[in-house]
Amino acid sequence: MKNAAIAFVKIVLAISSADSQDWGRAMLAEMHHLNGAWESWRWAVGCSAILLRRTMISKLSQIWHASERANAVALVCLGLAGLLLLVPTFRQGMNVALSCWQIVSNSRQPNYRIFGNTWIQDELNSVIHDAETEHDAKTLAFAAERYPDASTAARLADEAVALDPSLTWIYTVVANNQWRSGNVPRWIDQLRRWAPDNALPDLMAAEVVDIRHAISGKDWQFSDSDWRQAMAGAFHSSKFDDYAAQQLALDREVASKRGLSDPLLFAQGYADGLYEGRLPSNASADVRLYARMLATQGKYEEIDRFGQLLRAPGQTDETMVIGAGLGDAMVGKNPETPFLTPAQQIRIRERLSRMHSEGSANRPRVRAIQISGLLFLTFTLALIFSLGRVFVRPSALAVRLAAVLSASLLASAASLYLSYRPYAVLFNHFLQSGDWSPIREFLIFSSLRPPFGPRVGTDDIRMYAWTAVITICSGALLWIVGSNALRRMNAARQ
Amino acid sequence: MSTQTLRVLQEFVAQPKTWRYGYDLSRDTELKAGTLYPILMRLCECGILESKWSEPEGSAPPRHMYRLTAPGLRAVKEALRERGIAFREPLASGGRA
């Protein structure tokens, strides 16, 4: 043990600065006269601390004298960037800006954050813990909407409904992430009892049949009697409510009560369509096909009646889109009547355009945020390497390079803050006023593909390998070009 | 001047002409290496202490030794008196090395 302590001090001495060597040898020599392992290690730790402190001071002094002006620039830039890190909007912007890159890493939903609770799931767990202690049904429902694990989401939804049956509608949201779950038929029964006049539970029942046949792979041509019964039930319903309004009210209430304000948390679980109605994915196809079946039987009144439900005032865009599909079935009717008003048709066109264009109107600003976030990370990594180089071998050139990187880091941070801030304002406005339309931006944001690189998530390891090679080569090239430029500037100055 | 520094100086004043080793000082003053050596470094830098390497003894490497310089001794005695700190005057001159 004593020899190990001596060896430890020898290693520390080897990496210590030249002006610490004499004192290091003096302290090391004393160790041969110490008694016992414990005393030797205490001595070794004390000596090492002194040597490392002296080395650090010596290095800092060398670095400072290498280029005082560059050091001052670097310190000011890093100080300002550090101040930006203290601003919550900046940290939120950073999380949101980098969320799009997680889609590339095969993540269904961006759920990792640099700042705050690293995983959104952790934040949800904390919220759930409080809600369960306080028997807070609404917060449990809020968490159930978003929880990534299907069985936990189901448990939370059941707990919420048990506490407050008026939240039964939450099953329509939770079921969307787990159609194959054995819970879904039970939820549909509960929904039918809770809201017997609503068509949505029947569309959910049809979805279950769709999924069952999709798994079996058989060509069933929609001849399944369960499916026909479910669709008949939907078309005979007297109401169509997708519960988007309840969802919006619930989220705002919980956000206000729990102090939640992270857009990524709200968007969690919603690839798109938050507050736009979460309908079963095959609902549109099911409705269209069943309407055609009715049209062949001349039952236009049934189609028209269901269409009236879909185009009733207050319906969401998603429902309107499904309603648009019914227009085709009405073509054979004589005389033909326009199924949707011109205003509704424009609304649907805009909705479809938004779905397919990924927010082209806001794309430049979104790109600015994404690229600023990426540059911020890149400059941070480059600066860490650069500072390592400065400490190992202090020189005017290395210090100037670090100063340039610090300035770049500050510029990217400022760019991110300035481009993200308007979104943060919109989101806070939504929380206060309930006007949710502006927060579509955030959803577009988190689902918008990165500006370059792979366009789809993949498990193919070669894609990641090539991405890594390209990134490292680009970084190395940047480093060489930057170093050469600084060296030339240095030479020209001398 | 810190309490620990005064304790180290008291040790030196008691035997001003004796060369002292770091480990002995640490044991006599009950100061850990991490506290003692920065004090020794400062005192050496400002000329109160002088240091030298001992001759090697057997397989053990040479050791660093410290003692008060003549101006250092005067300054320390004065400083201790100003603070009303009692110190043991040397009984006899002489050194270990």
Side-chain angles (χ1 to χ4, degrees), chain A residues 1-66 68 391-392 394, chain B residues 1-9 11-12 14-15 17-69 72 95-97:
Chain A
M1 287 295 281
K2 183 176 171 178
N3 287 340
I6 290 173
F8 177 72
V9 175
K10 279 182 179 170
I11 291 169
V12 174
L13 188 59
I15 59 168
S16 296
S17 57
D19 62 347
S20 302
Q21 293 298 315
D22 246 19
W23 283 101
R25 280 202 305 276
M27 291 184 273
L28 183 63
E30 294 303 304
M31 292 186 75
H32 294 274
H33 303 274
L34 301 183
N35 298 318
W38 172 238
E39 197 174 8
S40 301
W41 271 106
R42 268 178 49 173
W43 190 270
V45 169
C47 296
S48 304
I50 296 167
L51 289 173
L52 292 175
R53 194 167 60 222
R54 276 178 69 93
T55 304
M56 183 65 77
I57 292 167
S58 163
K59 285 279 179 190
L60 286 175
S61 167
Q62 278 181 51
I63 291 164
W64 180 255
H65 289 111
E68 290 182 13
F391 267 93
V392 172
Chain B
M1 206 178 279
S2 69
T3 323
Q4 289 95 334
T5 307
L6 288 171
R7 210 187 297 169
V8 173
L9 290 174
E11 274 299 316
F12 277 111
Q15 295 167 290
K17 295 201 173 163
T18 308
W19 288 98
R20 307 288 301 270
Y21 295 124
Y23 175 54
D24 298 341
L25 283 167
S26 166
R27 201 181 44 211
D28 295 343
T29 57
E30 295 177 345
L31 292 176
K32 291 173 188 165
T35 310
L36 174 69
Y37 273 93
I39 293 171
L40 293 178
M41 288 170 190
R42 274 201 305 276
L43 293 174
C44 284
E45 275 166 20
C46 62
I48 291 175
L49 293 182
E50 58 183 331
S51 64
K52 71 171 187 178
W53 290 97
S54 70
E55 292 300 319
E57 293 168 14
S59 62
R63 298 174 78 181
H64 219 208
M65 303 183 296
Y66 317 89
R67 77 172 180 186
L68 283 169
T69 59
R96 193 188 301 197

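In what follows, chains are A, B, ... by sequence order, proteins preceding strands, each numbered from 1. All values below were derived from every heavy atom in this structure, side-chain atoms included, with hydrogens, water molecules and symmetry-related copies excluded.
Between atom CZ of residue Arg27(B) and atom CD of residue Glu39(A) there is a gap of 8.5 Å, rounded to the nearest 0.5 Å. Note: Leu28(A) CG to His64(B) NE2 = 13.0 Å, rounded to the nearest 0.5 Å.
In this structure, Trp53(B) places its CH2 atom where more than 12 heavy-atom neighbours from other residues, nucleotides or ligands lie under 6.0 Å away. Enclosure of atom NZ in Lys32(B) is not indicated, since only 12 or fewer non-hydrogen atoms of other residues, nucleotides or ligands lie within 6.0 angstrom.
Contacts between His32(A) and chain B at a heavy-atom distance below 4.5 Å involve the side chain alone, from C-beta outward. Proximity to chain B (any heavy atom under 4.5 Å) is restricted, for Arg54(A), to the side chain, taken from C-beta onward. Contacts of Ser26(B) with chain A are made by side-chain atoms alone, with heavy-atom separations under 4.5 Å and no backbone atom involved.
Chosen from Ala26(A), Ala44(A), Gly46(A), the residue pairing most often with chain B at heavy-atom distances under 4.5 Å is Ala26(A).
Using a 30° and 60° split on the angle between ring planes, Trp43(A) and Tyr37(B) fall in the perpendicular class, above 60°.
For the pair Gly34(B) and Ile50(A), the tightest heavy-atom approach, listed with the atom from each and the gap, is CA-CD1, 3.6 Å. Minimum interatomic distance between Pro62(B) and Ala29(A) (heavy atoms only, all atoms of both residues): O-CB, 3.3 Å.
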I'd like to know whether His33(A) forms a side chain to side chain contact (heavy atoms under 4.5 Å, CB included) with Tyr21(B), so could you lay out the CA-CA distance, the side-chain angles of the two residues, the decisive distance to 0.1 Å, and finally the verdict.
CA-CA 10 Å; His33(A) 303 274; Tyr21(B) 295 124; over 6 Å; no
